[in-house]
Amino acid sequence: MIRFDTPIQYLKGVGPKIAALLARKEIFQVGDILTWFPRSYEDLKAAKHISQLKPGETASFIAQVGAIREIPLGKSSRRIHEMIFTDNTGRISGKWFRVPFRNYFKTFKPGDYVRVTGEIKSYRHTVEIHHPDVQKRDEEATLSEGEKGLLPIYSETEGLNQKLIRKIVTLAFENAQDEIEETLPQWLLKKYNYPDLKTSLLKVHHPGENENFTLWSEYKTPYQMRLIFEELFWLELMLAQSRAGIVKEKSPAFKPLLSLAQKMRKNLPFQLTDDQEKVIAEITLDLIKPHPMHRLVQGDVGCGKTVVALLTSAMVLENGYQVAMMAPTEILAEQHFLKAKELLEPLGIKCALLTGSQKEKQAKEIKKNIVEGNAQLIVGTHALIQEDVEFFKLGLVIIDEQHRFGVKQRAELKKKGLSPHFLVMTATPIPRTLAMTVYGDLDVSIIKTLPKGRQPIVTKVVHESKRQAVYGFLKDQLAKNRQAYVIYPLVEENEKMDLKNATDSARHLEKEFAPYKVGLLHGRMKADEKETLMRDFKSGTIKILVATTVVEVGVDVPQATMILIEHAERFGLSQLHQLRGRVGRGADKSYCVLMTSYAQSNEAKERLQVMTETSDGFKIAEKDLILRGPGEFLGTRQSGLPGFRMANLVRDIEILIQAREAAFEILKNDPKLLSPDNLLLHQAIIEKKKPSLLFAKIG
Ligand code: ADP
Ligand code: MG
């Protein structure tokens, strides 16, 4: 018998070869294909003639393939692929700016009959179609029987065309449809007026006739909405459950001892902002409770999160507990360590630094100090939660720039039987909807205002050809005893090349700006080399710091007033914002130059434009989310953000809110999901017996 968990190759007509192709799409079992959703639909009713096509519409037409060719793009090695389509009313050019898969264009030849679907674009005085779906037809241009209504379109890979995919989907349904049992409680479906699972899955794969194409294209049919709801609902239910679990855990409840913090405050060269005070108060209230704090502090770059973390650590230290502070890079860990030392050691607190690149003997010594309680505030990178690090009495864990860590590390400490308080800090202002899913189990504190006296950073997009003018300006800055960053993008696949670019540039700048000293900072350097370099830059010995993006988060050098970002078009918006945040940290006016070279895509232009228009981190993040989509926005792998099958956090905000409310309310009324009404939820979440096909893959 065929079941959901039957390997897909046992489906009649599939076999090992096709199964291997499907595996590339992460389809291994029969059940997987039911949730491999079409990426769009084609409206067969509305099939058109080429002469009728209008710019802006999504259209479908039947045509014959004409010429297929590659168009070179100037000197660059990139090429545009073109396929001409004709019918007896006219011709239209189809263009591809990237190749769908290797040998894609070899699968067509002039004379083939095809059905073409996509958005019609205007170009000069004519129309074109970009990245259309092209499907081969056996015969010529009339619709055959059975081809009515909406046809699903799946994303193809080499060797897997639409026809074959549809066939496999149909086979999977025929064999396994009796297994499609409802996964959500009836009352919940009724409450939101959603159709049952089986109907929804069937409809999504076979919408059939008389369907509204626009609704389907916008994911607004009840069938799609129900599947999106379910996907988000499971995620939210797990978050709600994890949150409820945290509240029940025990953690040390600290006494409100504030004399150490008071002493620290006296030594600060500035007054805390109202927002900093507010957040310190929120954290302090959490720390005196007997269950673990799980709090996220969100605040734009430069708002002063470090001092907030250190001041709240003081209470924990005064209670005789240890504090562990983790940063995503060694440079940052070192910087925090220095800051902590500066503020805390004069007051008798011992600080330690533990990183992955320390010599074994040294690390051993430090670990000994940690386990014996001689080190009280410990700063480090991931190495801090390695298995062989034991703490004497760990009370608080601070994680800086959390989106680089993901959710896992939190769990790791728990595995060691430790249940400290957690403080997470991020300078990536995350739009509300995203924060709800990524940090759904955290309380959130926000530092909105920057310390007084900061001036807005003047931001300009400058073309490569004006380089000398930029250098002239930079010289003026240096003459005023200020410093600068020059940033190079690092593209992982070609690290060597990138490093060479940065190295060459550093050499070039050295000549250009002699006698000012230029330093080069990159990811392959040893920790102590980096540390020396950063020290020299901070102290002003080095005036220009050429860096790949390791400098991105958190590095703090107030007298640096200029940042020149090379190949700015290659950076994402949030990253540009982070980089820009390296300057404007002192009282002097600061400048950010976004240097561009080649022709850019419209999207890149828009990105750079946004940078010149606003410095509001939240606005920038929202725009970034829209331009890049949620997965890319945080970098799916590090973020712990699930890969969704149908849901889209930008498009489906309303459903997300609905799913979240439903999940949290259910757990509030029935914390252990024991009510018979919630039996299905109990089985899925608690017994883990029948996990839904729509469980998002988290982490
Ligand atoms: P981030 O929030 O990006 O981590 P930092 O903690 O690195 O920011 O702080 C940025 C700079 O602002 C540091 O030099 C810090 O000493 C300074 N700073 C922090 N709080 C204040 C304040 N209230 N007034 C003036 N400067 C401050
Ligand atoms: Mg910081």
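One-based numbering, in listed order, for ligands and for the atoms of each.
Salt-bridge check for Glu569 with Arg607: failed, with every basic side-chain N at 4.0 Å or more from each acidic carboxylate O.
In this model, a donor atom of one side chain and an acceptor atom of the other lie less than 3.5 Å apart for Gln276 and Thr273. In this structure, a donor-acceptor pair under 3.5 Å is absent between the side chains of Ser505 and Glu566.
Near Gly304, meaning under 4.0 Å from one of its heavy atoms, ligand 1 places the atoms 1 (P), 2 (O), 5 (P), 6 (O), 8 (O), 9 (O), 19 (C). Taking every heavy atom of Thr306 and a limit of under 4.0 angstrom, the matching atoms of ligand 1 come to 4 (O), 5 (P), 6 (O), 7 (O). The ligand atoms of ligand 1 that sit less than 4.0 angstrom from a heavy atom of Thr273 are 23 (N). Atoms of ligand 1 found under 4.0 Å from any heavy atom of Leu272, numbered from 1 in the order shown, are 23 (N). Counting atoms of ligand 1 from 1 in the listed order, those under 4.0 Å from a heavy atom of Gln271 are 22 (C), 23 (N), 24 (N).
Ligand 1 has Gly302 within reach: a non-hydrogen atom of the residue lies less than 4.0 Å from it.
Residues Leu377 and Gln322 have side chains not in contact (no heavy-atom distance under 4.5 Å, counting atoms from C-beta outward).
Within the 4.0 Å heavy-atom criterion, the part of Gln276 lying near ligand 1 is the side chain and not the backbone. Residue Lys339 touches ligand 1 through its side chain alone, judged by heavy-atom distances below 4.0 Å.
No donor-acceptor distance shorter than 3.5 angstrom exists from the side chain of Asn369 to the backbone of Ala375, with no hydrogens or angles considered.
Under a cutoff of 6.0 Å and an axis angle of 45°, Lys460 and Tyr591 do not form a cation-pi pair. Both the sub-6.0 Å distance and the 45° axial angle are satisfied by Lys393 relative to the ring of Tyr321.
Residue contacts with ligand 1: Pro451 is placed with no nitrogen or oxygen under 3.5 Å of a nitrogen or oxygen of the ligand (distance criterion only).
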